[in-house]
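Below is one structure, written out as structure tokens, with a few remarks after it.
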Number of protein chains: 2
Amino acid sequence: MTESELPMALRATYLALHRRTDARFAPYGVTADQFVLLATLARRGTPTQREIARHMPSDPSTVRAMLALLEERGLVQRDRHPTDLRARTATLTTAGKRKFQQLMKAGEPIRAEMVDSLQPNEVEMLVKLLRKVAASLNTERVSVG
Amino acid sequence: MTESELPMALRATYLALHRRTDARFAPYGVTADQFVLLATLARRGTPTQREIARHMPSDPSTVRAMLALLEERGLVQRDRHPTDLRARTATLTTAGKRKFQQLMKAGEPIRAEMVDSLQPNEVEMLVKLLRKVAASLNTERVSVG
DNA sequence: TATTGTTATACTCTATAACTATA
DNA sequence: TATAGTTATAGAGTATAACAATA
């Protein structure tokens with residue numbers, strides 16, 4: 001097994017997931033990445049844009065662009081933070097919550113398919129290994145030039 | 001463990017890899033995706049654009065755009081296929097081969113970091129599990145509406 | 001001084017549809 | 001008829017830098 005098989009396998013699997021999800025969500029007018037943003041709001045309630053960016057993870061200006069798009073479509077509402085006047089919070093509108101529920105349901109077969117392709121203990125193992133790798137990639141490193 | 005942890009862990013890990021790789025390759029003026037294309041040419045020699053698209057995997061028009069970009073920069077050369085006059089082949093130029101070698105070397109610490117974060121048998125297991133999931137996601141399915 | 005967000009800007013990747021040339 | 005590629009076009013995500021407002 002060569003060293004590049006891991007990155008390539010990771011890429012191939014993720015891209016397959018991403019394309020399947022995009023195709024599945026297209027009739028709802030939402031991309032896979034937008035779904036992740038909606039899911040972040042569904043889970044976290046009323047985070048600031050900064051918190052969203054950290055959580056996705058993504059860049060603040062990317063998050064801003066995505067939120068502006070979703071706000072235009074009535075799925076998301078942005079407000080001033082109650083105490084920190086620099087910050088803006090975002091939250092799902094009623095339409096946004098409904099859309100998110102539809103997407104969760106529409107995506108269910110894809111998630112089931114992934115999980116069903118493995119034994120239950122293998123799913124657990126895969127998640128554990130992925131998190132170990134992610135942690136190592138996200139570790140702050142001293143630049144060696 | 002909920003069902004969505006697997007897709008989310010997969011996404012988080014891949015994005016971490018992608019961002020690290022993009023940052024690492026930026027001084028060379030090449031993106032992570034362009035590197036995958038160069039690696040495809042390095043491995044397969046003189047494939048047609050169609051073959052590249054299948055292998056990456058990507059869309060023929062995306063591949064065309066990427067190849068045009070890389071050709072402009074002198075890393076790739078495109079020619080007519082010797083027997084199928086519809087087809088175009090692509091291959092690395094001398095500069096492209098050199099650039100690919102540099103990138104392989106520059107990317108080595110990232111690949112090593114991923115592999116070193118796991119036991120050897122865990123690396124093998126992870127690749128195996130990723131491929132099983134990818135296979136299930138790529139299976140042709142009958143549309144159920 | 002540091003942080004949050006905005007704006008302007010640019011690049012890359014993605015993908016569909018209509019088209020030409022060839023098999 | 002089907003396939004390989006091109007072109008036009010559009011949308012989406014990414015990210016940097018300069019900036020204003022606030023902490």
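Throughout, protein chains are lettered first and strands after them, A, B, ... in sequence-line order, and every chain is numbered starting at 1. Every heavy atom of this structure was used, including side-chain atoms; hydrogens, water molecules and symmetry mates were not.
- Contacts classified as ring pair (Phe, Tyr, Trp, His ring centres under 6.0 Å) and involving residues 94-126 of chain B (residues at least two apart or in different chains) are given here: B/Phe35-B/Phe100.
- Nearest heavy-atom pair, B/Ala106 versus B/Phe25, reported as atom, atom and distance to 0.1 Å: CB-CE2, 4.2 Å.
- Atom CG of B/Leu10 and atom NE2 of A/His18 lie 11.0 Å apart (nearest 0.5 Å).
- Within residues 41-51 of chain B, the residues that place at least one heavy atom under 4.0 Å from DNA chain D are, in residue-number order, B/Thr48, B/Gln49, B/Arg50.
- Interatomic distance, A/Lys99 NZ to A/Gln102 CD, rounded to the nearest 0.5 Å: 6.0 Å.
- In this structure, A/Glu5 does not pair ionically with B/Lys128, as no charged nitrogen and carboxylate oxygen lie closer than 4.0 Å.
- Heavy atoms of A/Arg88 sit under 4.0 angstrom from primed sugar atoms or phosphate atoms, though from no base atom.
- You'll find that the side chain of B/Thr62 is closest to C/dC13, out of D/dA15, C/dT6, C/dC13.
- Atom CG in A/Leu70 sits roughly 14 Å away from atom C1' in D/dG11 (whole-Å rounding).
- With rounding to whole Å, B/Arg19 atom CZ is found 15 Å from D/dT16 atom C1'.
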For residues 56-66 of chain A, please give each side-chain donor-acceptor pair under 3.5 Å, one per line with the distance, not counting sequence neighbours.
unit_1: A/Asp59; atom_1: OD2; unit_2: A/Ser61; atom_2: N; d: 3.0
unit_1: A/Asp59; atom_1: OD2; unit_2: A/Ser61; atom_2: OG; d: 2.9

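- In this structure, A/Tyr14 atom OH and C/dT14 atom P are separated by 11 Å, rounded to whole Å.
- Between the CG atom of A/Leu37 and the P atom of D/dT14 there is a distance of 10 Å, given to the nearest Å.
- Look at CZ on B/Arg64: it is 16 Å from C1' on C/dA17, rounded to the nearest Å.
- Grouping the Ile, Leu, Val, Met, Phe, Trp and Tyr side chains by contacts below 4.5 angstrom, directly or via other members, places A/Val36 apart from A/Met114.
- In the region residues 26-33 of chain A, proximity to DNA chain D at under 4.0 angstrom, judged on heavy atoms, holds for A/Thr31, A/Asp33.
- Inter-residue side-chain proximity for A/Ser4 and B/Arg111 is flagged as met; some heavy-atom pair is nearer than 4.5 Å.
- The CG atom of B/Leu67 sits 16 Å away from the P atom of D/dA4 (whole-angstrom rounding).
- As a whole-Å value, the separation of A/Asp22 CG from D/dG11 C1' is 12 Å.
- A sub-4.0 Å separation between OP1 or OP2 of D/dT14 and a side-chain N or O of A/Ser58 is present.
- Rounded to the nearest 0.5 Å, atoms CG (B/Leu70) and CZ (B/Arg78) are 10.0 Å apart.
- Under the side-chain contact (heavy atoms from CB on, under 4.5 Å) criterion, A/Ala112 pairs with A/Glu108, A/Asp116, B/Glu3, sequence neighbours left out.
- Proximity of residues 73-87 of chain A to DNA chain D (heavy atom under 4.0 angstrom from any strand atom) is restricted to A/Arg73, A/Thr83, A/Asp84, A/Leu85, A/Arg86.
- At a cut-off of 3.5 angstrom, the base of C/dT7 holds no donor-acceptor pair with the side chain of A/Ser61.
- The distance from atom CZ of B/Arg98 to atom CG of B/Leu75, rounded to the nearest 0.5 Å, is 9.5 Å.
- By the 4.5 Å heavy-atom criterion applied to side chains, B/Gln77 and B/Asp79 are counted as neighbours.
- Annotation: of the two residues near DNA chain C, A/Leu15 and A/Arg54, the 5′-most nearest-nucleotide partner is A/Arg54.
- Counting to the nearest Å, the C1' atom of D/dG5 and the CD1 atom of B/Ile52 are 12 Å from each other.
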